[in-house]
Amino acid sequence: MKKTLRISDTEWELMRVVWAKSPTTATEILAALRAHDPTWHPKTARTLLARLVGKKALGYQPQGRAYAYTPLVSEADCVAAASESFVERVFGGSLRPMLVHLVERQRLTPSDIHELRTLLAKKSPATLKPPRKRPAP
């Protein structure tokens, strides 16, 4: 993404539906949203669709009496932009304190730890040391 696109939490919900099923109509989007949260109102969904079209996150084409919406930005690009914005705002742009924070506060399974080690080894194999084996008690 060339320009950072700011998408609100509610807009993310709507975009996830469009990313999953595109092209899709406002009626189909509302049905998908209501399947998870029955309090969604049609006017709210249409307002958010118009806002996302204005932000150039969504495009649309007439489809009979309705419009078929398609994403103009990829989910991966939006996730990357939101992640970078979060790291910048909350951790001053430094990834290390964020990772330390998450690892210290989240419950990690042995599988999670193995996956993290594998990812880190691929990223920088020369700088990583294998974990020390503890002697049996």
Side-chain angles (χ1 to χ4, degrees):
M1 286 173 35
K2 293 175 183 139
K3 182 182 172 192
T4 302
L5 178 64
R6 296 202 184 268
I7 298 177
S8 72
D9 291 346
T10 310
E11 290 168 340
W12 271 97
E13 291 180 54
L14 197 143
M15 286 297 295
R16 283 189 186 102
V17 172
V18 179
W19 283 319
K21 184 178 185 242
S22 173
T24 186
T25 65
T27 302
E28 293 168 333
I29 293 168
L30 182 61
L33 291 169
R34 282 184 161 174
H36 298 287
D37 180 357
T39 64
W40 269 92
H41 192 275
K43 191 172 181 177
T44 304
R46 291 184 199 285
T47 298
L48 291 172
L49 284 169
R51 198 179 296 167
L52 289 163
V53 167
K55 291 180 177 184
K56 299 195 183 331
L58 290 178
Y60 64 94
Q61 293 290 322
Q63 187 179 49
R65 294 185 61 184
Y67 292 109
Y69 292 91
T70 56
L72 298 179
V73 293
S74 74
E75 184 174 8
D77 284 344
C78 287
V79 167
S83 299
E84 289 167 13
S85 173
F86 174 77
V87 171
E88 186 62 40
R89 280 189 336 263
V90 178
F91 295 97
S94 180
L95 191 57
R96 185 181 179 282
M98 184 194 78
L99 291 173
V100 169
H101 170 81
L102 292 173
V103 168
E104 286 178 347
R105 288 186 169 54
Q106 299 296 315
R107 176 171 284 179
L108 297 174
T109 66
S111 175
D112 293 334
I113 293 168
H114 175 72
E115 186 175 352
L116 286 170
R117 282 190 177 128
T118 302
L119 288 169
L120 290 170
K122 287 179 185 176
K123 185 75 174 171
S124 180
T127 61
L128 295 176
K129 296 178 184 173
R132 284 188 244 160
K133 291 185 179 180
R134 293 183 182 185

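Counting all heavy atoms, side chain and backbone alike, Arg46 lies closest to Thr27 at NH2-OG1, 4.3 Å. Thr25 approaches Gln63 most closely through the heavy-atom pair CG2-OE1, 3.3 Å. In plain terms, the two heavy atoms of Leu49 and Ala26 that are nearest each other are CD1-CB, 3.6 Å. Leu58 and Pro71 make their closest contact through CD2-CA, 3.9 Å (heavy atoms, listed as atom of the first residue, atom of the second, distance). For the residue pair Leu48 and Glu11, the shortest heavy atom distance occurs at CD2-CG, 3.8 Å. Across all non-hydrogen atoms, the minimal contact from Pro23 to Glu28 is O-OE1, 4.4 Å.
Linking Ile, Leu, Val, Met, Phe, Trp and Tyr whenever their side-chain heavy atoms come within less than 4.5 Å leaves Phe86 and Val73 in two separate clusters. Side-chain heavy atoms closer than 4.5 Å link hydrophobic residues (I, L, V, M, F, W, Y) into clusters, and following such links, possibly through other members, connects Ile113 to Val103. When hydrophobic clusters are built by joining Ile, Leu, Val, Met, Phe, Trp and Tyr residues whose side-chain heavy atoms come closer than 4.5 Å, directly or via intermediates, Leu52 is grouped together with Val79. Residues Val100 and Leu95 are members of separate hydrophobic clusters, defined by side-chain heavy-atom contacts under 4.5 angstrom among Ile, Leu, Val, Met, Phe, Trp and Tyr.
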Verdict with reasoning, Met98 to Val90, per side-chain contact (heavy atoms from CB on, under 4.5 Å): CA-CA 8 Å; Met98 184 194 78; Val90 178; over 6 Å; no

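Between Lys55 and Arg51, some side-chain heavy-atom pair lies under the 4.5 Å cut-off. Counting only heavy atoms from C-beta outward, the side chains of Ile29 and Lys21 never approach each other to under 4.5 Å. By the 4.5 Å heavy-atom criterion applied to side chains, Pro42 and Arg34 are counted as neighbours. For the pair Leu108/Leu116, a side-chain contact is recorded, criterion being any heavy-atom separation below 4.5 Å from C-beta on.
A distance of 10.0 Å separates OG of Ser94 from CD of Glu88, quoted to the nearest 0.5 Å. Rounding to the nearest 0.5 Å places OG of Ser8 at 11.0 Å from CE of Met15.
Taking Asp37 as the reference, Thr39 meet the side-chain hydrogen bond (donor to acceptor under 3.5 Å, both in side chains) condition, with sequence neighbours excluded.
Using cut-offs of 30° and 60° for the angle between ring planes, the His101 and Phe91 rings count as tilted. Ring-plane geometry between Tyr60 and Tyr69 is classed as tilted, the angle between the planes lying from 30 to 60 degrees on a 0 to 90 degree scale.
Listed by first and then second residue, the ring pair (Phe, Tyr, Trp, His ring centres under 6.0 Å) pairs that reach into residues 11-44 are Trp12-Trp19, sequence neighbours excluded.
Taking a 4.5 Å side-chain heavy-atom cut-off between Ile, Leu, Val, Met, Phe, Trp and Tyr, the cluster of Leu72 contains only that residue.
Side-chain N or O atoms of Thr47 include one that pairs as donor or acceptor with a backbone N or O of Lys43 at under 3.5 Å.
Counting heavy-atom neighbours within 6.0 Å of Arg96 CZ, excluding the residue itself, gives a total of 12 or less. Summarising the local packing, CD of Glu115 is surrounded by 12 or fewer heavy atoms from other residues, nucleotides or ligands at distances under 6.0 Å.
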